[in-house]
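Here's the structure, in structure tokens; my notes come after.
Note that the structure is predicted; figures quoted are calculated from it, not measured.
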Amino acid sequence: MPIWIDDVLSGKKKTLETRDPNQVGMYVCGVTVYDRCHIGHLRSMLSFDALVRYLEYQRYQVRYVRNFTDVDDKIIDRAREIEAGPDGDWRRADRYATFTAGDWTLRDSDDAQIRARADRTDKPLALVVSEYFIEKFQEDFSCFGMRAPDVEPKVSDHMPQIVEYIERIIGRGYAYEAGGDVYFNVAAYDGTTHAYGKLSRRDAAAMIEGARVSPSENKRNGVDFALWKAQKPGEPSWPSPWGPGRPGWHIECSVMSTQYLGTTFDIHGGGKDLIFPHHENEIAQAEAACDAPFCTNWLHNGFVTVDGVKMSKSLGNFLSLHDALELALPEVWRFLVQSVHYQSPIDFSRTRINEAGERVRGSVDVAAERVQYFYQTLARADEALAGRTVNFEAPLLHTQIAGHLQERFCEAMDDNFNTAVALGLCGEAARAINELVSLKAKEIKKIGEESVAHTLHVLTTRLREVAGVLGLFLEEPESFLARFRAHELKKRGLQADWIEQKIAERGAAKAERDFARADAIRLELDALALELRDSPGRTDWDVRV
RNA sequence: GGCGACAUCGCCAAGUGGUAAGGCAGAGGUCUGCAAAACCUCUAUCAUCGGUUCGAAUCCGAUUGUCGCCUCCA
């Protein structure tokens, strides 16, 4: 079955065609390492992680490249701020207006560590900054169990290639040197067989017409963009035919993607915000340098909004990965990301009380509850199946879902990676499992014990397989649920021992048929969002999200 | 100002020509000492208006509203 994708370049939904029918070359724009990552980065990484996993499930051999941009203006700015020290004027800049005390604590701690590292090396501070945040990236993302890229190239390791690439663009007449800078000549490029603006659907002529060149720049036209920037005092630099300097933003992705995937490759991904100018310029540079089509399929993930507003640096309303992990376990975030189609915005919210006084569940909390539900379901099924031999000849029940889960899952994923529908199917499977598990002995006898066991076995196996493609429900249920409880208790400052003791007291009261006292204890725990579940001979408890 | 996207049940969210997935919340039920969990049942004609079509949430036009890109951003 073909995979249909919504390709941004052609603007159409089309079948995924790859150069080699068995292989996919895929490049995803990683992060510029000047600060900690936030849940916008997470969303992007997880969206493309699901995509890679699904392609591999469909037996494609995927070569996955994700870069680090470790040479950039913002990194240099950060280095300057660190140099100025924690009491510098930079602290009062607008972009820090929304910083909380907690934000500053983390910030100061990062800066202090970077400074300490810089003291032990001769490297420019900016490179120490980027190395530090690459490490933090790896640390912060390690718990998500993402499929690791095959290559994670860094700009600083590719200077000769970048210089050579720029020389090629100049050689073909699409770029010019001016005062140690090199600029891409949009007018020259667009005037040929190329079309600048084809990805973002902009009219190059109008942009060239309307753009202004600021007096401080050496550009011939305002839309021209820097391929190489001459060194300014105090900046890290590398040698080049145009004098010491550093690459502009965009060029690194053209160079590194074509180096590792070939001049024409299959999939390019990134956040929607990168369409213009970043990806537009990547295409222009690559097609100017290589004279071959660049990437053939472009996919962009939607934004994360916070209470309906786009999360952005300038608004200061972003949630760092660090804070996100205090709120919820990695798998909950993964579930949240995949419960929404990758192109749609995801609104992140906490549970709140609205104007009408109603409790409105926040998206993270709903996701947490669903993940808990799935693991509880699997735990019940495992328990029901423990020590049983399955008769595969017994008639299958719930055939719509048990017999066709994989098929329907693939249908959903083939349709532009619709993980939202895919998770809906997982929910159907879980409901069927719960239905079977809660059957009474005589109902089971009536239906056929072997049929029930066979169906349960098929449902759990298929559910795990299919959800596993999305990176979900791979853990042992008991181990996940234990961590889940621990995490929730910690957030609320509760102790498991204390709860167990309360439950024991309630058990004693129940044994004496002192139901008033038992109910009082139940209510006390209920007020703390703790649920008790009585079953013959034992009382289980859980946290309500 | 230029360009683009979106508007689906109280909330979240799938659905790109064939008659509205799913989740949360709500109501009723099974179960239970009472509960909870789990399961069952119920709850929408898709912003408005007009058009194309045998047939539209899905295509076209207009209107209203929200948002995004054009400056850093996944």
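Within the 4.0 angstrom heavy-atom criterion, no nucleotide atom of any strand lies near A:G427. Within 4.0 Å (heavy atoms only), A:G30 reaches sugar-phosphate atoms of the nucleic acid but no base atom. Here A:V304 lies in heavy-atom contact (under 4.0 Å) with a base. Residue-level contact check: A:W541 touches neither bases nor backbone, having no heavy atom under 4.0 Å from any strand. Using a 4.0 Å heavy-atom distance criterion, A:E428 is classed as making no nucleic acid contact. Across all strands shown, A:G40 has heavy atoms under 4.0 Å from base atoms, whether or not it also approaches the sugar-phosphate. Base contact: A:N301 has a heavy atom under 4.0 Å from a base atom.
Considering A:E428, A:R462, A:H398, A:Q400 as possible partners of A:L405, the one that fulfils the side-chain contact (heavy atoms from CB on, under 4.5 Å) test is A:R462. A salt bridge (Lys or Arg N to Asp or Glu O under 4.0 Å) with A:D73 is found for exactly one of A:R80, A:K232, A:R246, A:R78, namely A:R246.
Both A:I346 and A:K13 lie near RNA chain B, and the one whose nearest nucleotide falls closer to the 5' end is A:I346. Annotation: of the two residues near RNA chain B, A:T305 and A:N434, the 5′-most nearest-nucleotide partner is A:N434.
Taking the C1' atoms as reference points, B:U8 lies 15 Å from B:G23, given to the whole Å. Atom name C1', nucleotides B:U48 and B:U66: the rounded distance is 15 Å, in whole Å. On the P atoms, B:C73 is 34 Å away from B:G61, given to the nearest whole Å. Nucleotides B:U41 and B:C49 place their C1' atoms 38 Å apart, quoted to the nearest Å. For the P atom pair drawn from B:A47 and B:C6, the interatomic distance equals 13 Å after rounding to whole Å. Comparing the P positions of B:U58 and B:G51 gives an interatomic distance of 14 Å, to the nearest angstrom. With both ends at atom P, the span from B:C59 to B:A5 equals 11 Å, rounded to whole Å. Of the P atoms belonging to B:A25 and B:C12, the separation is 15 Å, rounded to the nearest Å.
Counting non-hydrogen atoms of other residues, nucleotides and ligands closer than 6.0 Å to CD of A:E449 gives a total of 12 or fewer. For CD of A:E209, the number of neighbouring non-hydrogen atoms (other residues, nucleotides, ligands) closer than 6.0 Å is 12 at most. Within 6.0 Å of CZ on A:R492 lie more than 12 heavy atoms contributed by other residues, nucleotides or ligands.
Listed nucleotides B:G22, B:C73, B:G15 differ in distance to A:N418; the shortest reach to its side chain belongs to B:G15. Taking the side chain of A:Y34 as heavy atoms from C-beta on, and the options B:C24, B:C72, B:A14, the nearest nucleotide is B:C72. Nearest to the side-chain atoms of A:K440 among the listed nucleotides B:C31, B:C39, B:A14 stands B:C31. Distance from the side chain of A:V360 is smallest for B:C11 among the nucleotides B:C11, B:G68, B:C24. For A:E435, taking side-chain heavy atoms from C-beta onward, the closest of the listed nucleotides B:C39, B:C24, B:C73 is B:C39. Here the nucleotide nearest the side chain of A:S438, chosen from B:A38, B:A14, B:U16, is B:A38.
Straight-line distance from the CZ atom of A:F348 to the P atom of B:C24: 20 Å, rounded to whole Å. Taking atom CG of residue A:D203 and atom P of nucleotide B:C69, one finds them 21 Å apart after rounding to whole Å. Rounded to whole angstrom, the span from the NE2 atom of A:H278 across to the P atom of B:C70 amounts to 13 Å. Going from atom CZ of A:R359 over to atom P of B:C12 covers 16 Å, rounded to whole Å. Between A:L274 atom CG and B:G4 atom P there is a gap of 20 Å when expressed in whole angstrom units. What separates NE2 of A:H341 from C1' of B:U8 is a distance of 16 Å, to the nearest Å. Across the protein-nucleic acid pair, A:L423 atom CG and B:A13 atom P stand 14 Å apart, rounded to whole Å. When the C1' atom of B:C70 is taken as reference, atom CG of A:N281 falls 13 Å away, rounded to whole Å.
Near-neighbour residues of RNA chain B inside residues 68-80 of chain A, defined by a heavy atom below 4.0 Å, number-ordered: A:K74.
Shown here are the ring pair (Phe, Tyr, Trp, His ring centres under 6.0 Å) partners of A:Y54, two or more places apart in sequence or in another chain: there are none. Checked against side chain to side chain contact (heavy atoms under 4.5 Å, CB included), A:P477 has the following partners two or more places apart in sequence or in another chain: A:Y375, A:L378, A:A379, A:D382, A:R464. For A:K13, the side chain to side chain contact (heavy atoms under 4.5 Å, CB included) partners two or more places apart in sequence, or in a different chain, are A:W4, A:D415, A:N416.
Figure legend: cation-pi geometry between A:R43 and A:W333 absent, as NZ or CZ is not positioned both under 6.0 Å from the six-membered ring centre and within 45° of its axis. For the pair A:R202 and A:F276, the cation-pi criterion (under 6.0 Å, within 45° of the ring axis) is fulfilled. Taking the ring axis of A:Y34 as reference, the NZ or CZ atom of A:K74 stays within 45° of it and closer than 6.0 Å to the ring centre.
One finds a side-chain N or O of A:S344 lying less than 4.0 angstrom from the OP1 or OP2 phosphate oxygen of B:A14. For A:R361 and B:G23, the shortest distance from a side-chain N or O to OP1 or OP2 is not below 4.0 Å.
In this structure, the ring of A:F225 has its center no less than 6.0 angstrom from the ring center of A:W249.
In this structure, the side chain of A:S349 engages the main chain of A:S363 through a donor-acceptor pair within 3.5 Å.
Taken together, the paired segments of RNA chain B that extend over three or more consecutive Watson-Crick or G-U pairs, each closer than 3.5 Å at both contacts, are B:1-7 with B:64-70, B:10-12 with B:22-24, B:26-30 with B:38-42, B:47-51 with B:59-63.
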Is there any protein nitrogen or oxygen under 3.5 Å from a nitrogen or oxygen in nucleotides 33-37 of chain B, and what are the pairs?
residue	atom	partner	partner atom	Å
B:G33	O6	A:R506	NH2	3.2
B:G33	N1	A:D519	OD1	2.9
B:G33	N2	A:D519	OD1	3.2
B:G33	N2	A:D519	OD2	2.6
B:C34	O2	A:D519	OD1	3.2
B:C34	N3	A:R522	NH2	2.8
B:C34	N4	A:R522	NH2	3.2
B:C34	N4	A:D534	OD2	2.8
B:A35	N6	A:D534	O	3.2
B:A35	N1	A:D534	N	2.9
B:A35	N3	A:R522	NH1	2.9
B:A35	N3	A:R522	NH2	2.9
B:A37	O2'	A:R380	NH2	3.1

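Between A:W298 and A:H268, the ring-plane angle classifies as parallel under the 30° and 60° cut-offs.
Using a 4.0 Å cut-off between charged nitrogen and carboxylate oxygen, A:K14 and A:D7 count as a salt-bridge pair.
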